[in-house]
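Everything numeric in this text was worked out from a predicted model, so none of it was measured. Lettering of chains follows the sequences in order, A, B, ..., and the numbering in each one begins at 1.
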Amino acid sequence: MKSPPRDAENKQIIPHDHEEIHDEDFVIRRVSEKQIVPDKNTGRRRISTLLYKDQDNNGLSIDLKKLIESKDLDPKKYVTTPRWIGSVLLPVQGVRHLGCKVGFNPLDDNPYHGEIWGASTKKIAKKLSALAHWFVPINDIDLR
Amino acid sequence: MGERKMILSNAAFSSSNVFEIHSETNKGTINSSTLHFIESLQKDLNELVHLPNGWDGYNGIPVKFENAYFTIQILEAICFDDTPKPCLVPGSKGDLQIEWHEGLCDIELHVKSPLNVDAWVKTPQTDEDGIEYHLTSDFRIISKYIKIMMEAISDEVAAA
């Protein structure tokens, strides 16, 4: 995969739509037990909208499903541990349709890491939540 | 439900009230609080400021002490004597969100940094998308919504 664009000092990844992350692809967002809230209006527990809200356009971490699969890894196993017990799938086309960018930001310990930029308002966060489907579901927890 | 202290200010950070959040890097010491759920809140905040790096499966950092401290200041300003304890959700950048979901209301306060809070409220009187506010030191509007939520909870109890 092509290296992502960086700033003039070659330090920060610039928010971008990576050309090799296609609209038909899906990205994965891991869910921690800490991001589950009780909803007394429904009598159930669900994912907090904060899972989908970025702070000041720093980027929302994701895993690039297709890139994980291209390395013959099982993405469900890759993103699941006892600490990150669940995960959701987001369609790239839908995310971009909201005006967000979906890019590549490989990390030393996660070469399949990407970012969603532009989810810095509640309105966008709620729309991302509406796009999400379970990838690795958590028992008895609602998506939204 | 009596009148609440409505305005927060930078002076909040030199307050002599409340308690101590233990952190390896920061310590704030305060003595008392008006919140009936302060002990439980303290326990939750202590847990959040001690989250391990990468707690979210990525590069998430623990909740910053100053955000935990400002959370207490906000809650002391907006909560009434019998306001239910909110849920606290950590963000990946040291931020956190205060949430209530009851009485057919949803109230969420995203504490991005002290004096920098995104609020979102949905009640039976708002439309489905709710209303967003950016708040700094004046949280009176949220106190009004808390009151609406508590009245709805009281109505639910009375109807049960």
Side-chain angles (χ1 to χ4, degrees), chain A residues 28-63 78-88 105 107-110 112-116 119-127 130 136 142 144, chain B residues 44 47-48 50-64 67 84-113 116-124 128-134 149 152-153 156-157:
Chain A
I28 304 163
R29 176 95 171 123
R30 304 181 198 191
V31 183
S32 158
E33 177 70 27
K34 300 288 179 198
Q35 294 159 317
I36 306 293
V37 294
D39 189 330
K40 292 181 183 172
N41 290 324
T42 61
R44 294 184 53 79
R45 295 203 305 152
R46 64 171 171 82
I47 298 174
S48 168
T49 54
L50 194 58
L51 184 77
Y52 305 100
K53 190 166 182 284
D54 185 13
Q55 180 168 344
D56 301 326
N57 211 25
N58 286 317
L60 204 62
S61 284
I62 49 173
D63 297 275
Y78 185 78
V79 300
T80 310
T81 76
R83 274 167 61 194
W84 316 307
I85 52 178
S87 53
V88 295
N105 184 6
L107 304 175
D108 290 343
D109 59 353
N110 184 359
Y112 318 111
H113 181 258
E115 306 270 3
I116 293 173
S120 52
T121 67
K122 178 67 74 179
K123 192 174 179 181
I124 297 289
K126 286 184 71 66
K127 287 183 175 176
V136 178
D142 293 340
R144 47 195 160 259
Chain B
D44 291 351
E47 193 177 321
L48 297 184
H50 285 97
L51 286 171
N53 286 326
W55 66 267
D56 61 346
Y58 301 104
N59 283 340
I61 62 172
V63 167
K64 291 179 181 171
N67 291 336
K85 183 190 160 199
C87 182
L88 302 178
V89 180
S92 297
K93 308 288 195 304
D95 50 321
L96 80 158
Q97 187 157 280
I98 305 165
E99 302 191 17
W100 286 273
H101 304 286
E102 50 191 305
L104 300 177
C105 298
D106 297 286
I107 301 172
E108 300 182 350
L109 305 174
H110 181 193
V111 183
K112 299 195 291 186
S113 60
N116 181 13
V117 176
D118 287 343
W120 174 78
V121 178
K122 185 161 80 75
T123 75
E128 188 59 25
D129 289 336
I131 304 173
E132 289 186 65
Y133 301 93
H134 182 255
M149 176 184 75
I153 294 169
E156 285 176 352
V157 171

*More than 12 heavy atoms of other residues, nucleotides or ligands under 6.0 Å from NZ of K85(B): is that the case?*
yes
*If we only count heavy atoms from C-beta on, is the W120(B) to D106(B) side-chain gap below 4.5 Å?*
yes
*Could you tell me whether the side chain of H134(B) reaches within less than 4.5 Å of the side chain of E132(B), counting heavy atoms only?*
no
*Give, for atom NZ of K64(B) and atom NZ of K93(B), the distance between the pair rounded to the nearest 0.5 Å.*
10.5 Å
[options]: which one forms the most heavy-atom pairs within less than 4.5 Å of chain A?
options                          : answer
E47(B), E108(B), E156(B)         : E108(B)
S113(B), G60(B), C87(B), G130(B) : C87(B)
D56(B), D129(B), D118(B)         : D56(B)
L48(B), V89(B), L96(B), N116(B)  : V89(B)

_Results of ring-ring contact (aromatic ring centres under 6.0 Å, His included) for H101(B) - residues two or more places apart only_ = none
Side chain / backbone / both / neither for [X] at chain B, heavy atoms under 4.5 Å:
X       : value
I62(A)  : backbone
I28(A)  : backbone
T80(A)  : neither
K126(A) : side chain

Which portion of [X] sits near chain A, non-hydrogen atoms under 4.5 angstrom:
X      : answer
W55(B) : both
E99(B) : side chain
L51(B) : side chain
D95(B) : both

*Taking the six-membered ring of Y52(A), is the NZ or CZ of R29(A) close enough (under 6.0 Å from the centre) and on axis enough (within 45°)?*
no
*Taking T49(A), D54(A), V79(A), T81(A) one by one, which has the highest count of heavy-atom pairs under 4.5 Å against chain B?*
T49(A)
_At a heavy-atom distance under 4.5 Å, which candidate from T42(A), N58(A), D39(A), L50(A) has the highest pair count against chain B?_
L50(A)
*Return yes if some donor-acceptor pair links the side-chain N/O of Y58(B) with the main-chain N/O of N110(A) below 3.5 Å, else return no.*
no
*Any Lys/Arg nitrogen of E33(A) or R45(A) sitting under 4.0 Å from an Asp/Glu carboxylate oxygen of the other?*
yes
_Residues that D56(A) engages under side chain to side chain donor-acceptor pair (under 3.5 Å), provided they are two or more places apart_ = K112(B)
